[in-house]
Amino acid sequence: MPRRAYITTSIPYVNAAPHVGHALEFVQADIIRRFRELSGDEVFLLTGTDENSLKNVRAAELLKITTQELCDRNSKLFRDLVDGINLKYDVFFRSSDKKSHFAGAQRLWELCDQAGDIYKKEYSGLYCVGCEAFYTEGELEDGLCPEHKTRPELVHEENYFFKLSKYEKRLLKLIESGEFEIIPKGRRNEILNLVKGGLEDISISRSVSRSKGWGVPVPGDPEQIMYVWIDALSSYINGIGFGTDEKNFKKWWPADLHVIGKGISRFHTIYWPAILLSAGLDLPRRVFVHGYLTVGGEKMSKSNPKTAVSPLDVLKKYKADELRYYMIRDAPSFEDGDFSLVALKDRTNKELLGDLGNLVSRVLTIAEKSKLRSYTGKNVLGGDLDLGRIEKHFSAMELHEALEDVMGLVRGCNRYINEVEPWKLSGKQLEEALYNLLESIRIIGILLYPFVPDTSKRICKKLGCEMGNLQDCKFRDSFKGSIEKGEHLFKKVE
RNA sequence: AGCGAGGUAGGGUAGUCUGGAGUGCCCGCCGGGCUCAUAACCCGGAGAUCAGUGGUUCAAAUCCACUCCUCGCUACCA
């Protein structure tokens, strides 16, 4: 019986165009998803956009369009990116979608309220009159509004609060026991320290007037709109039917994995599980916190045009597989990595084309010339394959390590060709060499599926055999297939 | 300031938890081989006080202490 896995990416804000960092997260989530499928699991993946921000209201006003129009426009860019990078998703969820989102968010609020965890209290925050928005101290530049360069006022208003403090001990226990798993360990320790340092209750609403009515109304209080926490985080359950389709919700919840960036780990590993505990819902099993990308060694920021690399532009020149390969190959799973167009070109030309593409090309040329239909012989390359190790890397989220292992097989095949020199062989010896190479390529093709799905499918097609899953990643007694070399897998990028 | 993560050939990474010859991988550089392959592939080589100091140990990149440097976070950043 197949296991089920519900996986989510984070749902980024639509207040700016997607950058290469978003692309990295989508690729990571997709690789995890596709590997689970190779393992025979049934997977549901949610991605989407978070749109209920006051900043959107303001940005729309400046452009003289409605907030919804602004969200539609920006959300489309993210949708173009997930499509362009070949993220296989089941739902593209938008938190401005009243039908699917509002009911669930309000239901979650009510459950927390029924648990006695929501109360009204005076909230004070730094408010910029020009922006008509609250800022956190971190968002300010030298204590001034980044846009107006004015000092925000300390404003007081009545808001609802969530009793986060109540869940301190339970959270600690869940994280320490591993029941709620935070990957990698370093992040887990970071969060444990935060929780041990004590949790304060959090503000979860804003007045209707300040939020201009944009967002999810607080149930039973026409004066208040939900602030980000219950609103945005509930997307993860609303997207699978919480509050609207209980049957589907029960089928997929709890999530197996949330894939998020390090900047939002606190909300996903403290606020979110606390809210779920309050509502009496199961917690996600795991949260995978990835690092960030720098561009050319510099931190990405709106004010630095050098770092404003649009993944959509990159995809005009590079295939999705090429960008996917580069991102995983060059960036470690857990820490920050650097994105550079030079390195992208090198990885594409040197490894995808030079190692993989060239391997397929040279083997298929020899195979076609051989005119054989079935290949058999002594298995000498099978020993290089350590499937257990690859699976271990995947379950530990060491995606770059898993990919390195697969590419090691590719290099092994190229080495083997140079050693046995099949172009000098004939008869049984040639058949044996080709048997080893074709079986290897078939298996490499399957193992590459999570990383470079299009390439994987094309390899299978050239070999004329079924894609298969993990169980097919072992040497069979003979290689059978109808080989057709066709076009090269990759073209050199100049 | 506090908290966190790092510092391994010219660059980038793995190895550190669980100590065992500086061991692996990628890019770059030098030399050679091959001619099946998209000037691709293969082999060899140069290049490192494993940030530093002190300690534990038969043995330290790895464990402990201290120091220096870099980066991140500090309450809606993928």
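The chains referred to below are lettered A, B, ... by the order of the sequence lines, with proteins before strands, and numbering in each begins at 1.
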Mind checking if [X] touches a base, just sugar-phosphate, or nothing, with heavy atoms under 4.0 Å?
| X | answer |
| --- | --- |
| A:Leu353 | base |
| A:Phe267 | sugar-phosphate |
| A:Arg187 | nothing |
| A:Glu351 | sugar-phosphate |
| A:Gly21 | base |
| A:Pro422 | nothing |
| A:Leu489 | base |
| A:Asp50 | nothing |
| A:Lys262 | sugar-phosphate |
| A:Phe26 | nothing |
| A:Arg415 | sugar-phosphate |

On a whole-Å scale, what distance lies between the [atom1] atoms belonging to [N] and [M]?
| N | M | atom1 | value |
| --- | --- | --- | --- |
| B:rU62 | B:rC3 | C1' | 25 Å |
| B:rC50 | B:rG22 | P | 10 Å |
| B:rA51 | B:rG6 | C1' | 11 Å |
| B:rA46 | B:rA9 | C1' | 10 Å |
| B:rC17 | B:rA5 | C1' | 16 Å |
| B:rG47 | B:rC63 | C1' | 30 Å |

- Is the closest side-chain heavy-atom distance between A:Leu399 and A:Val27 below 4.5 Å? no

For [X] and [N], what is the distance between atoms [atom1] and [atom2] respectively, to the nearest whole Å?
| X | N | atom1 | atom2 | result |
| --- | --- | --- | --- | --- |
| A:Glu421 | B:rC43 | CD | C1' | 12 Å |
| A:Leu434 | B:rA37 | CG | C1' | 13 Å |
| A:Ile182 | B:rG4 | CD1 | P | 15 Å |
| A:Ile441 | B:rC36 | CD1 | P | 17 Å |
| A:Ile366 | B:rA37 | CD1 | P | 8 Å |
| A:Asp355 | B:rC41 | CG | P | 6 Å |
| A:Asp405 | B:rA14 | CG | C1' | 11 Å |
| A:Leu437 | B:rC36 | CG | P | 15 Å |

- Task: Would you please classify the geometry between the A:Phe35 ring and the A:Phe394 ring as parallel, tilted or perpendicular, with 30° and 60° separating the classes?
- Result: parallel

- Query: Is A:Glu404 paired with A:Arg329 through a side-chain N to carboxylate O contact shorter than 4.0 Å?
  - Reply: yes

- Message: Check this for me: does any side-chain nitrogen of one of A:Arg324 and A:Asp30 sit under 4.0 Å from a carboxylate oxygen of the other?
- Response: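 A salt bridge is present here (some side-chain N lies under 4.0 Å from a carboxylate O).
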
Applying a 3.5 Å limit to both distances, which nucleotide forms a Watson-Crick or G-U wobble pair with [N]?
| N | value |
| --- | --- |
| B:rU16 | none |
| B:rG31 | B:rC43 |
| B:rA5 | B:rU70 |
| B:rA48 | none |

- Message: Can you tell me if A:Lys424 touches the phosphate of B:rC34, counting only side-chain N or O atoms and a distance under 4.0 Å to OP1 or OP2?
- Response: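 Negative; the distance criterion is not met.
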
- Message: At less than 4.0 Å, is any side-chain N or O atom of A:Arg347 found next to OP1 or OP2 of B:rG12? Yes or no.
- Response: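 False: A:Arg347 side-chain N/O out of range (4.0 Å or more) of B:rG12 OP1/OP2.
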
- Item | Donor-acceptor pair present, A:Asn418 side chain and B:rC41 base, under 3.5 Å |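 A donor-acceptor contact between them is present.
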
